Amino acid sequence: MATKTYDPAEVSVIYAGNILDGFADGTFVSVTMNEDLWTLTKGADGEGVRSKSNNMSAMVEITLLQSSSSNDLMSGTFLADLASSSGALPGMIKDNSGSTIFAWESG
């Protein structure tokens with residue numbers, strides 16, 4: 001079995017058409033689904049059924065250095081949303097050394 005390599009420098013995060021930079025060390029990007037995609041229900045006789053959720057919403061957390069220029073973009077879009085209810089903007093997280101992609105559309 002071949003050894004796989006992960007390089008955090010090969011992860012791109014694009015938000016509102018801008019490539020973010022200045023990530024903090026450690027876990028700098030994470031995606032958490034807002035709801036389990038599947039739930040299991042067991043009957044009295046032990047038979048089980050799994051039910052699919054169609055809620056595909058998720059929380060994306062990006063950790064930036066205090067000095068990152070991307071903080072200005074994030075703060076600006078947050079303030080614009082407060083002022084005009086412009087909503088979430090599109091984005092994508094891509095591992096350029098692999099095939100993992102997580103993308104979202106504007107809200």
Side-chain angles (χ1 to χ4, degrees):
M1 183 184 311
T3 301
K4 309 267 182 185
T5 301
Y6 167 72
D7 181 356
E10 290 296 318
V11 175
S12 296
V13 181
I14 301 166
Y15 179 65
N18 298 277
I19 299 172
L20 302 185
D21 61 7
F23 299 107
D25 193 26
T27 303
F28 61 90
V29 63
S30 66
V31 178
T32 305
M33 299 305 293
N34 288 327
E35 187 176 298
D36 290 338
L37 298 179
W38 298 93
T39 57
L40 176 65
T41 303
K42 297 287 244 173
D45 62 356
E47 184 175 330
V49 62
R50 69 179 195 155
S51 301
K52 181 180 181 229
S53 168
N54 291 307
N55 180 358
M56 297 300 291
S57 66
M59 175 71 66
V60 175
E61 185 173 343
I62 300 165
T63 308
L64 300 171
L65 293 168
Q66 182 63 36
S67 59
S68 172
S69 61
S70 296
N71 282 315
D72 293 339
L73 169 70
M74 302 305 281
S75 296
T77 56
F78 171 73
L79 293 173
D81 188 26
L82 284 178
S84 65
S85 299
S86 55
L89 298 171
M92 179 177 71
I93 302 164
K94 182 177 185 326
D95 181 354
N96 296 308
S97 63
S99 59
T100 302
I101 297 176
F102 181 83
W104 62 93
E105 298 178 9
S106 50

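The structure displayed is predicted, hence computed values, not measured ones.
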Taking every heavy atom of Met56 against every heavy atom of Met33, the minimum-distance pair comes out as O-CE, 3.6 Å

dist Glu10:CD -> Lys94:NZ (nearest 0.5 Å) comes out at 9.5 Å

message = Do Ile93 and Trp104 make a side-chain contact, defined as non-hydrogen atoms from C-beta onward lying under 4.5 Å apart?
response = yes

Would you kindly confirm whether Leu20 and Val31 end up in one hydrophobic cluster when ILVMFWY residues are joined by side chain heavy atoms under 4.5 Å apart?
yes

Please say yes or no: joined through hydrophobic side-chain contacts below 4.5 Å, possibly via intermediate residues, are Val29 and Phe102 part of one cluster? yes

What one should report as the nearest heavy-atom pair of Ser67 and Asn71 is N-ND2, 4.4 Å

Note to self: Test your reading of the model: is there a side-chain donor-acceptor pair from Asp81 to the backbone of Ser86, 3.5 Å cut-off?
What the structure shows: yes

To the nearest 0.5 Å, atom CG of Leu37 lies from atom OG of Ser51 at 12.5 Å

| Hey, any chance Ile62 and Met59 share a hydrophobic cluster, counting ILVMFWY side chains that come within less than 4.5 Å of each other, even indirectly? | no

Leu89 and Ala16 have their tightest heavy-atom pair at CD1-CB, 3.6 Å

- Query: When clusters are formed by joining ILVMFWY residues with side-chain heavy atoms under 4.5 Å apart, either directly or through shared neighbours, do Ile14 and Phe28 land in the same one?
  - Reply: no

**Q.** Val11 vs Phe23 side-chain heavy atoms within contact, under 4.5 Å
**A.** no

Note to self: For the CD atom on Glu61, are there more than 12 heavy atoms of other groups (residues, nucleotides or ligands in this structure) within a distance under 6.0 Å?
What the structure shows: no

| Does OH in Tyr6 sit with more than 12 non-hydrogen atoms of other residues, nucleotides or ligands closer than 6.0 Å? | yes

*asked:* Tell me if a side-chain donor or acceptor on Asp21 pairs with a main-chain N or O of Ser68 at a distance below 3.5 Å.
replied: no

CG (Asp72) and CG (Asn18) are apart, to the nearest 0.5 Å, by 11.0 Å

Mark yes when over 12 heavy atoms from residues, nucleotides or ligands other than Asp25 sit less than 6.0 Å from its CG; otherwise mark no.
no

Notebook entry, point to check: Just wondering, do Val60 and Tyr15 contact through their side chains at under 4.5 Å, heavy atoms?
Noted result: no

### Any donor-acceptor N/O pair, Asn55 side chain to Ser53 backbone, under 3.5 Å
no

- Task: Answer yes or no: does atom CD1 of Ile19 have more than 12 heavy-atom neighbours from other residues, nucleotides or ligands under 6.0 Å?
- Result: no

